[in-house]
Asker: 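Quick one: structure below, then a few questions.
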Amino acid sequence: MIVCSCNVISDHDIRKAVTSADELPRSPKQVYGCLGCSAECGRCARTIKTIIDEALGPCARNCQAGCQHAHAHGHSSVQVTEDDLQSRFALAAC
């Protein structure tokens, strides 16, 4: 299904970006960056965030100990601040 008609991005494209990027995107802005585009009208941002949360499952906010994504970032603890997330998941890393 097309989620972003401005950039012609499907839900499949978003799920692939979320699960296959070296630095897992956690926000619509980061997903756009991974897909090589940027938000136009912004109407799809809420849907993109929902798809990100669904794709990452229980670690949507931050990786939990034992999470399948934790090994990619070397996380061993649950304590992650918003500033940590912003620096770890920079668009340039995608």
Side-chain angles (χ1 to χ4, degrees):
M1 152 180 86
I2 297 295
V3 174
C4 174
S5 56
C6 297
N7 290 299
V8 191
I9 298 173
S10 71
D11 61 322
H12 178 73
D13 296 330
I14 296 164
R15 289 177 203 286
K16 185 175 179 184
V18 168
T19 58
S20 67
D22 290 338
E23 295 290 331
L24 301 174
R26 305 292 173 128
S27 72
K29 181 178 179 180
Q30 292 169 337
V31 168
Y32 287 125
C34 288
L35 295 173
C37 58
S38 61
E40 297 296 325
C41 73
R43 290 184 191 155
C44 57
R46 187 171 292 169
T47 303
I48 290 173
K49 180 61 177 150
T50 299
I51 294 169
I52 292 168
D53 292 347
E54 288 172 359
L56 292 177
C59 71
R61 184 76 178 138
N62 54 18
C63 287
Q64 307 294 319
C67 165
Q68 66 180 352
H69 303 111
H71 68 0
H73 306 293
H75 297 327
S76 58
S77 70
V78 177
Q79 300 299 324
V80 178
T81 66
E82 191 66 32
D83 289 337
D84 290 337
L85 289 176
Q86 291 298 323
S87 65
R88 283 190 197 142
F89 303 109
L91 289 177
C94 291

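All of these numbers come straight from a predicted model, not from anything done at the bench.
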Asker: For residues Ala45 and Pro28, report the shortest heavy-atom separation together with the two atoms involved.
Answerer: O-CG, 3.3 Å
Asker: Can you list everything that forms a salt bridge (Lys or Arg N to Asp or Glu O under 4.0 Å) with Arg43? Sequence neighbours excluded, please.
Answerer: none
Asker: For Thr47, give me all partners under side chain to side chain contact (heavy atoms under 4.5 Å, CB included), at least two apart in sequence or on another chain.
Answerer: Val3, Ile51
Asker: Between the main-chain N or O of Cys44 and the side-chain N or O of Lys49, is there a donor-acceptor pair closer than 3.5 Å?
Answerer: no
Asker: Can you measure from CZ (Arg15) to CD1 (Ile48) and round to the nearest 0.5 angstrom?
Answerer: 12.0 Å
Asker: Which atom names give the shortest non-hydrogen contact between Val18 and Ala55, and what distance separates them?
Answerer: CG1-CB, 3.8 Å
Asker: Return the minimal non-hydrogen interatomic distance between Pro25 and Leu56, and the atom names on each side.
Answerer: O-CD1, 4.1 Å
Asker: Which pairs of donor and acceptor atoms, one on a side chain in residues 4-11, lie under 3.5 Å apart (sequence neighbours left out)?
Answerer:
{"unit_1": "Asn7", "atom_1": "ND2", "unit_2": "Ser38", "atom_2": "O", "d": "2.9"}
{"unit_1": "Ser10", "atom_1": "OG", "unit_2": "His12", "atom_2": "N", "d": "3.3"}
{"unit_1": "Ser10", "atom_1": "OG", "unit_2": "Asp13", "atom_2": "N", "d": "3.1"}
{"unit_1": "Ser10", "atom_1": "OG", "unit_2": "Asp13", "atom_2": "OD2", "d": "3.2"}
{"unit_1": "Asp11", "atom_1": "OD1", "unit_2": "Met1", "atom_2": "N", "d": "2.9"}

